[in-house]
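Accompanying notes for the structure given below.
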Amino acid sequence: MSAAPILCERLRSPPLVAEQFTPTKWSSAAEKARIGNAILRFLAQGMPAEKFNKALYGRVSQMWSHIAHFNSLGFRSAWFASAKTRHAFLKHMVDYPCWGDPAFTWSDVEREIGQRVRENLLVEAWAKQARDEEEAHERAMLEVLMKKHGVAAGVPVVNRPAMQLGLF
């Protein structure tokens, strides 16, 4: 029932470069740029769960105050199972204040990716996709329930007047 993914190649342009980032004791500026570009590629492709690989999980689960969700499958099911969860992922990303000194955290990468998501209106696009997906699901459910209860389509449903039952 899922609609086509929202693709946004503009996220990747221009590519992130090492000069934009501060190295940490544990990660070089080049590594920050490389992983940042991989995250942007994943977002630009519409966040397909099957492309959320081990390297992305290892880094993204430590960014934007995410938690590991036990493993990558748990993380994927929490954030990439539907348009609604993808919208929540992006909303969390752009609302996050990017705490920390870039010399010790990836806050500089978080800030840059969040800004690109904001500029390309991806949160709004995924919100609409989530609403459309939910409406399609509800309409399909309505059709099933109408058939189950013998209500013909287009026939107005008349509410019976409320009746007070006796207390005893």
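Basis for what follows: all heavy atoms, side chains included, without hydrogens, waters or symmetry-related copies.
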* Asked: F52 vs F80 aromatic rings, parallel, tilted or perpendicular, using cut-offs 30° and 60°?
  ->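 Correct class here is tilted.
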
* **Mutual orientation of the aromatic rings belonging to W79 and F75 [parallel < 30°, tilted 30-60°, perpendicular > 60°]** =>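 Plane angle between 30° and 60°, so tilted.
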
* Asked: Residues in ring pair (Phe, Tyr, Trp, His ring centres under 6.0 Å) with F21, at least two apart?
  ->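 Here no residue qualifies.
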
* To do: Using ring pair (Phe, Tyr, Trp, His ring centres under 6.0 Å) as the criterion, list what pairs up with H87, not counting sequence neighbours.
  =>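 H87: no ring pair (Phe, Tyr, Trp, His ring centres under 6.0 Å) contacts found.
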
* Apply side-chain hydrogen bond (donor to acceptor under 3.5 Å, both in side chains) to E124 and list each qualifying residue two or more places apart in sequence or on a separate chain. =>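 Not a single residue meets the side-chain hydrogen bond (donor to acceptor under 3.5 Å, both in side chains) criterion with E124.
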
* Tell me, please, which residues at least two apart from E112 pass side-chain hydrogen bond (donor to acceptor under 3.5 Å, both in side chains). =>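 Expected list: R116.
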
Spatial distance of atom [atom1] ([X]) from atom [atom2] ([Y]) [nearest 0.5 Å]:
{"X": "N120", "Y": "R10", "atom1": "CG", "atom2": "CZ", "value": "4.5 Å"}
{"X": "S107", "Y": "Y96", "atom1": "OG", "atom2": "OH", "value": "8.5 Å"}
{"X": "I39", "Y": "M93", "atom1": "CD1", "atom2": "CE", "value": "7.0 Å"}
{"X": "T85", "Y": "M47", "atom1": "OG1", "atom2": "CE", "value": "8.0 Å"}

* For E119, salt bridge (Lys or Arg N to Asp or Glu O under 4.0 Å) partners two or more places apart ->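 With neighbours one apart ignored, the set is empty.
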
* Asked: Is a side-chain N or O of Y57 found less than 3.5 angstrom from the main chain of A68, in a donor-acceptor match?
  ->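 Present.
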
* **Atom of P15, atom of Q20 and distance for their closest heavy-atom approach** =>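 P15 and Q20 have their closest heavy atoms at O-OE1, 3.9 Å.
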
* **Qualifying side-chain hydrogen bond (donor to acceptor under 3.5 Å, both in side chains) pairs, either residue in residues 34-53, two or more places apart** =>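 Sorted result for residues 34-53: empty, none.
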
* With the threshold set at 4.0 Å, does a side-chain nitrogen-carboxylate oxygen contact exist between R139 and E143? ->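 Salt bridge flag = no for E143 with R139.
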
